[in-house]
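Let me begin by presenting the structure, written as C-alpha cells, before commenting on it.
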There are 2 protein chains.
Amino acid sequence: MTDAAETTTAERPTAAASARRRPLAEQGSELRIAVMRLARRLRQERSEAELSASQLSALAWISVEGPLTIGRLAELERVTAPSMNRTVNCLVDSGYVVRAGSPDDGRKVLVSTTEPGDAVVRETRRRRDAWLAKRLATLSAEDRATLAAATTILRGLASQ
Amino acid sequence: MTDAAETTTAERPTAAASARRRPLAEQGSELRIAVMRLARRLRQERSEAELSASQLSALAWISVEGPLTIGRLAELERVTAPSMNRTVNCLVDSGYVVRAGSPDDGRKVLVSTTEPGDAVVRETRRRRDAWLAKRLATLSAEDRATLAAATTILRGLASQ
DNA sequence: TATTGTTATACTCTATAACTATA
DNA sequence: TATAGTTATAGAGTATAACAATA
C-alpha cells in the first residue's frame, strides 16, 4: 500500500525519505489503526482473577500511584465519582483494596491496595508482557530497536 | 528510566545498540503501556453522532467489510449473537444500517450501511486522524520516519 | 457556601437460556 | 438434527440527581 509497508527498519534512508513525503493524515491513519488493533489484542490478555476491565484498571492505578482518593481515581479513569465509588466497593468486597480516612481532610477517603491486590496487578502485567515478549522475540534486532525508539515517541504523543 | 527514554530517534547507533541489550519483557512492558495509553486517548476522539463505542465499532466493520451477517459481526466484535443483534437494532433505529435477507440462505441476514451511516464512519475517522495528525506535525522528520517503520511492525504484531 | 463522598434510580451493554425459521 | 437469528431476562457499568459530612 505504501512505501513504509515494504520495509521493517527505520535505518534505511529510503524509508525515512518516503515517510517525510507522505501526508500526515495518511501516516496517522495507519498508525492509529495499528495502535488500536494492538491495544485490543493486549486487552484480551488479562489475569485469571475474576475482575472486570474497569475494576482491573482502577486497581492498577491504586497499586502504582499509592493511596488515592475516590475523586482522583474517578479523574484518572474519566468516570464520575459515583461510578468509581461503586467500582471501589467491588474491589473492597474482593479484598483487593482497603478504604481509610484521610488524616488531613475528614471528607476524603484514601484507597490502597492489599497484598493480594498487588499480586493481581503483577500477575496481569506479567501475562500481557509475556504475550508481547514472545512476539518481540521473533523480530530482528533492527525492528526491536525501531520499536524501542517508537515507544518513546508514542509515550509523548499520548501524554499531550 | 531507560536508555531509550533519552532519545527520540532510531537512527543513532547507541539507541539501537542499547535496545538490543534490553530484556524483551522490559521493552515489551514499556511498549504496551505506551500503546494502551495512546489507544485510550484516540478512543476519546469520537464523532458527534450520538453513538456508543460499541455501536460505532460495529458500524465501522459494516461500512468497511460490506454486507455482513449478524453472526460474522458478533465474531468480529467478539460478542454474542444476541448482543450484536441488539446493537444492530439500535443502528437500524438510527437509520445508519439496513437489514436484508440473504439471497442464498434464508436463515441469514445481511446488514449494510446507509449513506448517513457511511458518513458517520468517515466523520469519526476524520476526527481521530485530525487529532493524531496535529501531533505528528510537531515531531521531527526523523521521529515520523521511526513511527512509520514502527507502524508496519506493530501491524504485524497485532495480527499474530 | 463549597467540596468529598455516598445513595437512589435509570439506562446501556453484555450474557445465558429458550424459541422460531430455515437448511 | 444443526444453524442463524431473535426474544426474554438478568447482571455489570455508568450516569444524573439528591443527600450527608466536613472544610
Side-chain angles (χ1 to χ4, degrees), chain A residues 40 43-44 46-62 65-112 120 124, chain B residues 40 43-44 46-62 65-112 120 124:
Chain A
R40 177 181 298 201
R43 218 173 305 125
Q44 287 169 2
R46 57 167 172 243
S47 146
E48 281 146 1
E50 292 172 4
L51 290 179
S52 70
S54 52
Q55 287 170 8
L56 202 50
S57 187
L59 184 61
W61 277 117
I62 302 166
E65 302 286 329
L68 290 169
T69 63
I70 300 286
R72 178 61 181 145
L73 265 174
E75 193 176 81
L76 287 169
E77 283 291 289
R78 297 175 188 267
V79 297
T80 59
S83 289
M84 183 49 67
N85 189 56
R86 186 172 183 154
T87 300
V88 168
N89 281 341
C90 290
L91 291 173
V92 169
D93 291 345
S94 303
Y96 294 142
V97 306
V98 288
R99 275 193 171 85
S102 172
D104 58 302
D105 188 335
R107 296 170 303 181
K108 292 185 177 176
V109 165
L110 292 176
V111 186
S112 315
V120 168
T124 303
Chain B
R40 177 180 297 198
R43 219 172 305 126
Q44 286 170 3
R46 56 166 175 242
S47 145
E48 281 147 358
E50 293 172 3
L51 290 180
S52 70
S54 52
Q55 287 170 9
L56 202 50
S57 188
L59 184 60
W61 278 118
I62 302 165
E65 302 286 329
L68 290 169
T69 63
I70 301 287
R72 179 61 182 146
L73 266 173
E75 192 177 82
L76 288 168
E77 283 292 288
R78 295 174 190 268
V79 296
T80 59
S83 290
M84 183 49 67
N85 188 56
R86 184 169 186 157
T87 301
V88 168
N89 281 340
C90 291
L91 291 173
V92 169
D93 291 345
S94 303
Y96 294 142
V97 305
V98 288
R99 274 194 172 85
S102 173
D104 58 303
D105 187 336
R107 295 171 303 180
K108 292 186 179 176
V109 166
L110 291 175
V111 185
S112 315
V120 167
T124 302

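Only heavy atoms go into these numbers, but all of them, side chains included; no hydrogens, no water, no symmetry mates. None of these values were measured; they are calculated from a predicted model. Proteins get letters first, then strands, A, B, ... in listed order; numbering begins at 1 in each.
Of the candidate nucleotides C/dT3, D/dG5, C/dG5, D/dG5 has the atom nearest to the side chain of B/K108. Checked against C/dT22, D/dG5, C/dT6, the side chain of B/R107 finds its nearest nucleotide in C/dT22.
Computed from coordinates, the A/I70 CD1 to D/dA21 P distance equals 18 Å when rounded to whole Å. A/D105 places its CG atom 17 Å from the P atom of C/dA2, with the value rounded to the nearest Å. D/dT14 atom P lies 12 Å from atom CG of A/L73, rounded to whole Å. B/D93 has its CG atom 14 Å from the C1' atom of C/dT12, to the nearest Å. The nearest whole Å value for the distance from the CG atom in A/D104 to the P atom in C/dT3 is 17 Å.
Using a 4.0 Å cut-off, some side-chain N or O of A/N85 falls inside it from OP1 or OP2 of C/dT6.
Closest approach of B/Q55 to B/L51, counting heavy atoms only: OE1-CD2, 3.1 Å. Scanning both residues, B/W61 and B/L68, for their nearest heavy atoms gives O-CD1, 3.8 Å. Of all non-hydrogen atoms in A/L73 and A/A58, the two that sit nearest each other are CD2-O, 4.1 Å.
A distance of 8.0 Å separates CG in A/L59 from OG1 in A/T124, rounded to the nearest 0.5 Å.
Side-chain atoms of A/E77 and A/S54 form no donor-acceptor pair, as typed in the model, at a separation below 3.5 Å.
Residue B/L91 is tested with B/V98, B/V97, B/V111 for a side chain to side chain contact (heavy atoms under 4.5 Å, CB included); the sole match is B/V97.
Note on B/R99: only backbone sugar-phosphate atoms sit closer than 4.0 angstrom, heavy atoms only; bases stay farther off.
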Can you check nucleotides 13-17 of chain C for protein contacts, nitrogen or oxygen pairs under 3.5 Å, and list what you find?
{"residue": "C/dC13", "atom": "OP1", "partner": "B/S52", "partner atom": "OG", "Å": "2.5"}
{"residue": "C/dT14", "atom": "O4", "partner": "B/R86", "partner atom": "NH1", "Å": "2.9"}
{"residue": "C/dA15", "atom": "OP2", "partner": "B/T80", "partner atom": "N", "Å": "2.8"}
{"residue": "C/dA15", "atom": "OP2", "partner": "B/T80", "partner atom": "OG1", "Å": "3.0"}
{"residue": "C/dA15", "atom": "OP2", "partner": "B/S83", "partner atom": "OG", "Å": "2.9"}
{"residue": "C/dA15", "atom": "N7", "partner": "B/S83", "partner atom": "OG", "Å": "3.4"}

